[in-house]
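I have placed the structure first, in the form of structure tokens, so that the comments after it can refer back to it.
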Amino acid sequence: MNKIFEIPLYPYARSADQGAAEPVRHRVVVVGAGPVGLGLAIDLAQQGVEVLVLDDNDKVSFGSRAVCYAKRPLEILDRLGCAAPMVAKGVEWNLGKVFFDTRQVYEFNLLPEDGHKFPAFINLQQYYFEEYLVARVNELRASGAPIELRGRNKLTAIEPADDHVTLSIDTPDGAYRLTTDWLVACDGAGSPVRKMMGLDFVGRVFEDNFLIADVIMEAEFPTERWFWFDPPFNRGQSALLHKQPDNVWRIDFQIGWDIDREDELKPENIDRRLRAMLGEDLRYQLEWSSIYTFQCRRMEKFHQGRVIFAGDSAHQVSPFGARGANSGLQDTDNLAWKLRLILDGTAPESLLDSYDAERIHGAAENILNSSRSTDFITPKSETSRIFRDAVLDLAETHDFARPFVNSGRLSLPCTYDGSPLNTPDELPYGPARSRPGSPCADLPVPGGYLLDRLGGRDAPRFQILAIDAEAPSAFAAHGLACEVIALSSVEAPLVKDRYLGTASGAVYLIRPDQHVAARWPAFDATAVAAALARAIGKEG
Amino acid sequence: MADLITTRNTPRADDVYQMLIDVHEGLSKPESDALNARLILTLMNHIGDPEVIRQALALARG
């Protein structure tokens, strides 16, 4: 049977644009139909923005690749109408174990907090993830949404201008050109668009190779993340075992810098490694293997004129911590509503500067965490290795050493502290977790979950959340109508801990991406209007 | 926030110094290095204050 990643899911079809006398003008063109490009296209199309996705391939990701998806991206995907099949198919996990040599030295439980719609993490092969996104694209298109996905359309050149970008595209039927108001490059770490523009992508190279073997096997291992430092089967290096759906197991061996790639990838050599790890009588089928190296780096700015970068094209991290696809989806979540407000004239083009500010903040956080994990996993000096081993030694019997163990700090949602869109916190003693810039914490409300009711599905919707506080039934300012949601701590008790703190009531202004823009103890129309102006890049 | 103590603070200095030397008795260089690392981590946790640790690291670096 063919694997899903061997079937063209969006086969090439000739477009009317190809025969046009003049290049046809589009609103937004997205380059790259990976998780980030498809996520952005769905978000824009749901909001009524005409969007065209180009990809030089016509299939979903080859091999499992990104497998670990965190709660925040699942919440974003729920707004995009894609999370349900992912959670249904995905493997939920909470427990991680860390081994040093032959001993278990540490165990962690993600201990998901009560009252959230989504689990802390699921594991799911990237090809399934993309398949569900493609299905959602097709569903939107069938219902008349302005979205199109063109396979085997390879971008070959771009000419940026002040208010548009001209694209040259190669297809099986030859070349054609089109123009677009905005171009979003979601074309991965090797971004051809970034190269065409000659933009820098600098950072740190890590001199190490990792071998991924995704194997199908009937195994007794529990659904946990197992990480080894210096195990007998991979001396001086690390290894990882993690479960995916369909009895596929992700096995990741650190193999060092000076290796012969071709030799390492020979099935007999992978087989030798697997048997050393899992036993001589192992029965398995190798689904996919790959050797990767990584860098931690980012662009200096995430947009230049009408060309915007999102996901790995803008920033790259090591895989430890599940911060790649997860942060890419937070990029698109941040970008889509801003682009829509700029396109319809509600917000100034300068609103896009806040995309840079907020997502560079996110990328810097991810690069910091990811670099630290990498330094722990691959110590860069003898002294660094001595300390690393001392931490692992102590961790086995002494709890105090366990916070130093770093086999990957798992992706947490980014709080946009210091963002130009935030209004300074006006809620004294409000919970720090809901300060301006934070993503809203979920909680059960009558009839479902709070996040089901927040955020812009079909329009960039700002909302006012009035908790145990008086507020009008609707509010409008600066060309934006805000929905007012009244919530009572009697009906939704967790709101006290997550939004009120010791305040007796609170009013929150929530952005279309479910981040907090401002909060106050009571409703004040002038203050809310000013915060709204600030949140769409119109100061005061 | 506390500052690193850089005045005399250890009673029975000779005894304490001897404890430090004695604990390495009979260990190879790698074993001693590992012990020192465990010791630093343990004391660092005891101090707990990142600012004091920062000052101590700066002092040691010279």
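Just so it is clear, the model here is predicted, and its values are computed rather than measured. Protein chains get the first letters and strands the later ones, always in sequence-line order, with residue 1 at the start of each.
Remark: A/Glu107 CD is packed, more than 12 non-hydrogen atoms of other residues, nucleotides or ligands lying under 6.0 Å away. In A/Ile259, the CD1 atom is crowded: over 12 heavy atoms of neighbouring residues, nucleotides or ligands sit closer than 6.0 Å.
Contacts of B/Ile40 with chain A are made by side-chain atoms alone, with heavy-atom separations under 4.5 Å and no backbone atom involved. Only the side chain of A/Asp393 comes within less than 4.5 Å of a heavy atom in chain B; its backbone stays farther off.
Note: A/Ile386 CD1 to B/Arg38 CZ = 11.0 Å, rounded to the nearest 0.5 Å.
Residues of residues 6-18 of chain B lying under 4.5 angstrom from chain A, judged on non-hydrogen atoms, do not exist. Chain B is approached within less than 4.5 Å, heavy atom to heavy atom, by A/Leu394, A/Phe400, A/Phe404 from residues 394-410 of chain A, ordered by number.
Considering only residues two or more places apart in sequence or on other chains, A/Arg372 meets the salt bridge (charged side-chain N to carboxylate O under 4.0 Å, His left out) condition with none of them.
Contacts classified as ring-ring contact (aromatic ring centres under 6.0 Å, His included) and involving residues 406-428 of chain A (residues at least two apart or in different chains) are given here: A/Tyr416-A/His515.
Nearest approach of A/Ala390 to B/Ala34, heavy atoms of both residues: CB-O, 4.3 Å.
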